[in-house]
Amino acid sequence: MKKVVSIIFVLVMLFSFSLSANAEEFNGADLFTVDLPEDFEQTGTSVSNFSFTNENGDIFAVSYSDNTQEDTVFSPTDMSQKEIEEYTKTLSEESKTVMKDYADNFEMKFLSGEKVKHKNGKTALVCQTETTIKKDKRTGVFYQTMYEFGCKDYKYTFTYTTSDKDKKDSFGEVFDSINIFEAETESNFDKLKGYAIAGAVCALIMVGIIRFIRTPEKRVQGKL
């Protein structure tokens, strides 16, 4: 649910926000850095959420949450296309549930969802959405691009929100600049490689033991 609340927080900010400090390269709690355009200013900070906006109302937000619970570890590398579709469907449904108390009407439509190899070497789940919010006779349509990374300690979500459809793909350089300092969640393939290596080592040890046991016998037989 934390990931949903973080995204909804960004949407709610579109209806009210204040400006504060200027930002270029931003360091988030020594966990990650990201390069932001000079016109983006920080508008909010909490323990695990950061948000920025410009004079046009575009918003960039970052959140991170625990990723160490074995049954809920987020690992984009291991996600199939079917799992991505199920994930985005669940996220849309949860968002609608969360927003029912804050908006007269809320609809989140996923335009795309795919896993990509990021320039920082990690795999990201990249999604784009079109969200419609109606509140107090006001209607807003917003476009979001979201990059999500799964790492050993935290799951990171980077979200760009704009009301201008023509700008929904304009934050590519910012997303490319994301650098996360902790290691990526170990994929199932990596785990299998680890098991294979461990198995091979065990096999070599067993071969060595067998050779050690049989060596005296071979000496007696004159085979050494």
Side-chain angles (χ1 to χ4, degrees), residues 1-13 25-36 42 44-52 59-99 108 110 112-129 131 144-161 171 174-195 197-198:
M1 182 61 73
K2 286 183 179 180
K3 60 180 178 293
V4 176
V5 174
S6 297
I7 295 170
I8 300 308
F9 171 76
V10 175
L11 298 176
V12 173
M13 282 184 59
E25 178 182 276
F26 178 74
N27 183 310
D30 289 329
L31 294 171
F32 66 88
T33 58
V34 59
D35 297 335
L36 293 171
Q42 192 166 351
T45 303
S46 66
V47 175
S48 59
N49 293 275
F50 308 94
S51 55
F52 308 82
I59 293 174
F60 183 74
V62 187
S63 66
Y64 60 92
S65 58
D66 181 69
N67 197 37
T68 61
Q69 300 300 315
E70 187 172 347
D71 56 339
T72 59
V73 170
F74 181 76
S75 177
T77 303
D78 295 323
M79 297 177 76
S80 65
Q81 189 58 42
K82 182 179 180 180
E83 288 172 327
I84 292 173
E85 292 171 0
E86 291 174 349
Y87 175 81
T88 56
K89 180 180 178 181
T90 299
L91 187 57
S92 179
E93 292 172 348
E94 290 182 352
S95 298
K96 190 170 185 177
T97 299
V98 170
M99 286 298 291
M108 176 183 283
F110 276 83
S112 63
E114 62 177 343
K115 58 183 181 182
V116 301
K117 196 70 172 179
H118 191 270
K119 289 187 176 182
N120 62 24
K122 297 176 174 61
T123 299
L125 175 61
V126 181
C127 297
Q128 287 194 318
T129 67
T131 302
Q144 288 187 306
T145 300
M146 180 172 64
Y147 278 61
E148 293 190 288
F149 298 86
C151 294
K152 286 189 174 182
D153 292 326
Y154 297 107
K155 172 189 174 185
Y156 297 84
T157 302
F158 299 79
T159 309
Y160 169 63
T161 304
F171 240 53
V174 174
F175 286 117
D176 285 347
S177 74
I178 294 169
N179 185 27
I180 299 172
F181 301 142
E182 65 170 299
E184 188 173 25
T185 302
E186 190 176 34
S187 69
N188 290 335
F189 179 70
D190 289 332
K191 291 176 184 176
L192 286 175
K193 286 197 299 183
Y195 296 147
I197 292 172

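- Using a distance-only test at 3.5 Å, with no hydrogens or angles considered, a donor-acceptor pair links the side chain of K122 to the main chain of I180.
- Between F60 and F158, the two ring planes are tilted [angle within 30° to 60°].
- Side-chain contact check for N67 and T185: at least one donor-acceptor pair (N or O, by modelled atom type) lies under 3.5 Å.
- In this structure, N120 contributes its side chain and I178 its backbone to a donor-acceptor pair below 3.5 Å.
- Shown here is F171, whose CZ atom has more than 12 heavy atoms of other residues, nucleotides or ligands within 6.0 Å.
- Salt-bridge annotation for K152 and E184: absent, with no side-chain N of the basic residue lying under 4.0 Å from a carboxylate O of the acidic one.
- At least one side-chain heavy atom of Q144 sits under 4.5 Å from a side-chain heavy atom of M108.
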Step-by-step side chain to side chain contact (heavy atoms under 4.5 Å, CB included) determination, Y160 to V174 | CA-CA 9 Å; Y160 169 63; V174 174; over 6 Å; no
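- Here the side chains of V73 and T68 are not in contact, with every heavy-atom distance at 4.5 Å or above.
- At least one side-chain heavy atom of Y87 sits under 4.5 Å from a side-chain heavy atom of M79.
- Counting only heavy atoms from C-beta outward, the side chains of C127 and F110 approach each other to under 4.5 Å.
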List the steps and the verdict of side chain to side chain contact (heavy atoms under 4.5 Å, CB included) for K155 and Y64.
-> CA-CA 5 Å; K155 172 189 174 185; Y64 60 92; over 6 Å; no
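- No donor-acceptor distance shorter than 3.5 angstrom exists from the side chain of S92 to the backbone of T88, with no hydrogens or angles considered.
- Here the shortest heavy-atom pairing between A29 and F50 reads N-CZ, 4.4 Å.
- Within the 4.5 Å cutoff, side-chain heavy atoms of M146 are placed close to those of L91.
- Listed for the K115 side chain is a donor-acceptor partner under 3.5 Å among the backbone atoms of T77.
- With hydrogens and angles left out, the side-chain atoms of T145 and Q128 include a donor and acceptor closer than 3.5 Å.
- Atom-to-atom distance recorded for K119:NZ and N179:CG is 13.0 Å, nearest 0.5 angstrom.
- Listed for the E86 side chain is no donor-acceptor partner under 3.5 Å among the backbone atoms of E83.
- Between the E114 side chain and the L125 main chain, no donor and acceptor come within less than 3.5 Å of each other.
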Is there a side chain to side chain contact (heavy atoms under 4.5 Å, CB included) between F149 and H118 once you walk through the steps?
-> CA-CA 10 Å; F149 298 86; H118 191 270; 3.8 Å; yes
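- A centroid separation of 6.0 Å or more is found between the aromatic rings of F32 and F181.
- Distance check, rounded to the nearest 0.5 Å: OH of Y156 to SG of C151 gives 5.5 Å.
- Of all non-hydrogen atoms in P76 and G150, the two that sit nearest each other are CD-N, 3.9 Å.
- The OG1 atom of T72 lies 7.0 Å from the CG atom of D66; values are rounded to the nearest 0.5 Å.
- In summary, the side chains of E148 and T157 do present a donor paired with an acceptor at a separation below 3.5 Å, with no hydrogens or angles considered.
- At least one donor-acceptor pair closer than 3.5 Å links the side chain of K117 to the backbone N or O of G121.
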